[in-house]
Colleague: 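I'd like to ask you about the structure that follows.
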Amino acid sequence: MKKQYAQIIVDVPTMQTDQPYTYVIPEEMIDQILPGMRVTVPFGRREVMGYVVGIRATTDLSEDQLRPLTTILDLSPVLNTELLSLSDYLADETFAFRISILQTMLPNALKADYQHFIKIVGKVSDDVVNRLFMGLTEIAFHANQYSDKDLATLAKLRRQHSIEVRIEVNDRAKVKTQLAYQFSQNVAMLKTAQQSLRPTAKKQAQLIAFILQHVGETWLKKELQEMLPVSDETLAHAVTHEWLVKKQVEALRDPFKAMVQKSDPLDLNDEQQQAFDRISSSADLHRFAPFLLEGITGSGKTEVYLQVAQHVLKQGKTVLFLVPEIALTPQMVRRVKSRFGEQTAVLHSGLSDGERYDEWRRIERGDVQIVVGARSAVFAPLDNLGLIIVDEEHETTYKQSDNPRYNARDVALWRGEYYQIPVILGSATPSLETRARAQRGVYERLTLTQRAGGAKLPKVDVIDMKDTLADGPETNFSAELKDKIADRLNKKEQIVLMLNRRGFSSFVMCRDCGFVPRDPNCNLAMTLHMDSHTLKCHYCGHEEPIPTVCPNCGSKRIRYYGTGTEKVAVELAELFPTARVIRMDQDTTRKKGSMDKLLEKFGRHEADILLGTQMIAKGLDFPDVTLVGVLNADTALGLPDFHASERTFQLLTQVSGRAGRAQKSGEVVVQTFNPQHYAIVFAQQHDYEGFYHQEMRARHAGNYSPYYYTVQIQASHSDENQAALQMLQVARWLRAHVNQEVIVLGPSPKPIAKMRNRYYFQIILKFKQRDMVDNLLKTLQNRSQNAKGDLRLSIDREPVSFM
DNA sequence: AGCACGCCGACT
DNA sequence: GTCGGCGTGCTC
């Protein structure tokens with residue numbers, strides 16, 4: 001047989017090894033091996049795992065440069081051609097290693113498990129044999145189980161070749177199996193056995209008769225014993241007589257689990273029907289068609305998703321449905337499950353590695369047609385995709401905050417284009433980028449302007465906190481809000497209070513006029529640095545002293561701004577001693593599932609007030625909530641981020657949607673020091689279009705997205721001076737090599753400049769065309785990897801946050 | 001990442 | 001003289 005070579009990406013995440021290596025495929029593996037399978041290969045003097053990304057009949061390398069691969073770990077590929085080519089695209093796009101992307105796409109259970117063993121091969125002291133090797137010649141080695149001194153001893157023995165290290169590559173994926181029996185196909189033998197049975201052997205007679213009716217079939221032991229009253233002994237007897245053979249088969253999911261009430265499609269209104277028609281007809285055309293489905297809260301976007309999904313499923317295709325966070329959208333998941341039942345897989349963060357792998361296997365085997373999940377579910381191994389839905393497309397959770405920094409929304413669009421299918425980006429408050437693309441006709445824009453059941457949008461009151469604080473002690477509650485809370489408590493209706501605590505950067509604000517010091521170059525709020533007693537701009541590095549007097553109105557009450565839910569809860573208890581309050585923030589919801597419990601409790605009306613951070617703004621739907629209070633709408637505005645207005649508008653719109661979703665009409669109170677800020681005014685008027693146009697002007701004026709691409713280069717170093725110095729060199733090098741139209745900002749310390757004893761700096765690039773900087777950034781990535789010292793540099797395309 | 005090669009200081 | 005420190009370079 002002709003020689004074959006495998007192109008393999010090895011499990012060694014470094015710059016120098018970020019390329020396919022060529023291995024000889026041993027002859028006996030040639031007809032088994034396929035691209036997308038995991039293998040083990042010799043790499044240097046150890047054995048590592050790798051992914052086959054291609055198979056070739058020729059190679060430029062000579063025989064003596066090649067080695068054969070060791071084993072194939074999979075029976076069928078874990079990655080299909082589509083996902084393999086997606087990994088190439090993503091590696092380029094995110095400046096990540098191929099291997100990191102491949103591992104991100106797969107469940108953890110498929111990662112290699114490297115087991116180290118140490119073996120005595122020469123002379124060692126009795127102490128070592130007895131104490132370290134427990135009298136054995138070879139033991140499993142876990143570095144953390146030894147003292148530094150013992151480790152030094154072992155290292156020395158190793159150099160003397162008295163002991164050897166062996167690394168075993170194990171597959172963590174263990175398919176859950178169940179005991180089953182495969183019936184013999186030898187009818188003659190079975191017949192003979194049947195004749196010669198003792199007349200008293202009733203059980204055996206029954207079994208053999210059953211086998212004869214189902215020759216060659218495989219039955220789970222459990223199921224067989226439900227059908228027939230055969231004991232384990234009878235089966236054992238049958239095995240020794242070869243009527244059947246024992247077999248382990250992959251455990252199938254329990255068909256009785258999670259029985260959900262089946263729900264039927266609802267009637268669509270005209271707008272919904274129109275959206276449905278547009279999307280489903282483009283699905284029929286078998287063409288890539290991105291849609292922006294822009295619908296106000298409560299306008300029934302979900303029903304459109306579900307009916308288009310139904311349409312696509314009927315054609316025998318599969319559906320991928322992304323949500324920002326499973327935990328925050330339980331009713332969305334419930335609706336999908338109740339509509340599509342058992343053909344649904346839900347990938348949520350609460351799954352263990354094993355459970356996640358089981359779900360992944362179900363998808364991969366084709367047992368499910370629709371997958372619902374958060375960010376990482378975008379890599380679900382569905383083939384034959386017919387539709388992708390990205391709900392709340394503006395959410396920043398779609399962007400992974402550490403390497404590889406991919407955006408699931410963009411991955412969804414890539415997959416949509418690959419399969420030539422519709423992709424629905426849904427939102428009440430689309431990201432500026434998406435809305436602008438719809439403007440230019442890149443996405444088709446569909447709008448839903450009516451609330452289901454004719455419900456009205458809530459009335460929003462904006463309260464100027466400057467008035468509240470002008471004559472009185474520091475408080476989190478305006479008189480208006482206090483009155484309304486008291487009123488609802490009387491009526492036994494429920495209240496949601498949101499404390500905006502996005503990020504933990506702090507800034508300075510004047511209590512009398514609401515003035516926030518902004519940096520003169522970027523016009524962004526400056527961040528307070530108590531260590532240096534300065535205000536800094538985290539885009540360009542501009543620095544100035546903390547003002548003691550407000551530059552705007554001369555007031556002395558200009559100071560640090562920020563508060564926590566705990567403090568608010570205390571004040572709430574003083575104001576309304578009888579009210580039952582549930583507090584929801586990072587502290588009270590840290591434990592898995594505790595958030596669900598708190599929400600359920602609130603849903604059962606076991607509390608009057610739900611007090612929380614922005615986590616309570618999303619998708620929650622409680623009919624008895626008639627008042628929503630936003631205690632401090634400004635904090636997001638104060639963030640050193642050009643997304644600040646957008647985030648504030650989105651948050652206020654979202655949280656307003658929580659009030660009065662049923663028959664009872666709702667009211668919203670927004671407390672702010674900037675009642676005239678456009679993000680707040682437009683949110684008050686429920687005017688997304690107005691906000692969009694004004695914000696686009698602001699972005700245009702500041703050369704921000706979507707007019708400019710943005711890249712953030714961040715680096716950290718254990719030495720502050722080195723961090724600053726090296727980043728300064730990077731910035732200088734960039735400025736020297738980019739063309740005139742590329743804007744290089746920084747370096748400047750990150751808002752949280754020091755973390756875990758490392759100092760963080762960032763440089764921001766703004767540019768009009770991708771090809772202006774792509775190659776430069778790749779070079780930078782390479783150089784930084786090879787550079788000495790412990791500078792850690794990472795590149796983030798279109799960052800969603802500058803924290 | 002690991003592992004070897006290789007070139008300079010303090011020790012049996 | 002050697003042992004061993006970690007800088008440098010390579011792994012199909």
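Numbered from 1 within each chain, the chains take letters A, B, ... in sequence-line order.
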Colleague: Could you tell me which non-hydrogen atom of A:Ile118 sits nearest to which non-hydrogen atom of A:Phe133, and how far apart they are?
Modeller: O-CE2, 3.5 Å
Colleague: Find the distance A:Gln115:CD to B:dG2:P and express it as a whole number of Å.
Modeller: 14 Å
Colleague: Atom CG of A:Asp18 and atom P of C:dT11: how far apart are they, to the nearest Å?
Modeller: 16 Å
Colleague: For a quick check of understanding: with a heavy-atom distance under 4.0 Å over all strands, which category does A:Pro42 fall into, base, sugar-phosphate or nothing?
Modeller: sugar-phosphate
Colleague: A:Gln16 CD to B:dG2 C1': how many Å, rounded?
Modeller: 12 Å
Colleague: Taking the six-membered ring for Trp, are the ring centroids of A:Phe379 and A:Tyr406 within less than 6.0 Å of each other?
Modeller: yes
Colleague: Can you tell me how far P of C:dT11 sits from CD1 of A:Ile9, to the nearest Å?
Modeller: 16 Å
Colleague: Taking only side-chain N and O atoms of A:Arg45, does any of them lie within less than 4.0 angstrom of OP1 or OP2 on B:dC3?
Modeller: no
Colleague: Starting at atom CZ of A:Arg67, determine the distance to atom C1' of C:dC12, rounded to an integer number of angstrom.
Modeller: 9 Å
Colleague: Given atom CG of A:Leu66 and atom C1' of C:dC10, what is their separation to the nearest angstrom?
Modeller: 16 Å
Colleague: Describe the nucleic acid contact of A:Tyr23 in one word from base, sugar-phosphate, nothing, applying a heavy-atom distance below 4.0 Å.
Modeller: sugar-phosphate
Colleague: Could you give the NZ-to-C1' distance, from A:Lys111 to B:dA1, as a whole number of Å?
Modeller: 15 Å
Colleague: Do A:Lys750's NZ or CZ and the ring of A:Phe761 fall within the cation-pi criteria of under 6.0 Å and 45°?
Modeller: no
Colleague: With stacking defined as ring centroids separated by under 5.5 Å and planes differing by under 30°, is A:Phe43 stacked against C:dT11?
Modeller: yes
Colleague: Within the structure shown, what part of the strands sits under 4.0 Å from A:Leu61 by heavy-atom distance: base, sugar-phosphate, or nothing?
Modeller: base
Colleague: Any non-hydrogen side-chain atom of A:Val41 less than 4.5 Å from a side-chain atom of A:Val48?
Modeller: yes
Colleague: Under 4.0 Å between any heavy atoms, over every strand shown, what does A:Arg46 touch: base, sugar-phosphate, or nothing? Just pick one.
Modeller: base
Colleague: Mind calculating the distance between CE (A:Met49) and P (C:dC12) to the nearest angstrom?
Modeller: 17 Å
Colleague: Would you mind listing every salt bridge (Lys or Arg N to Asp or Glu O under 4.0 Å) that reaches into residues 63-77 of chain A, with sequence neighbours excluded?
Modeller: A:Lys3-A:Glu63, A:Arg38-A:Asp74
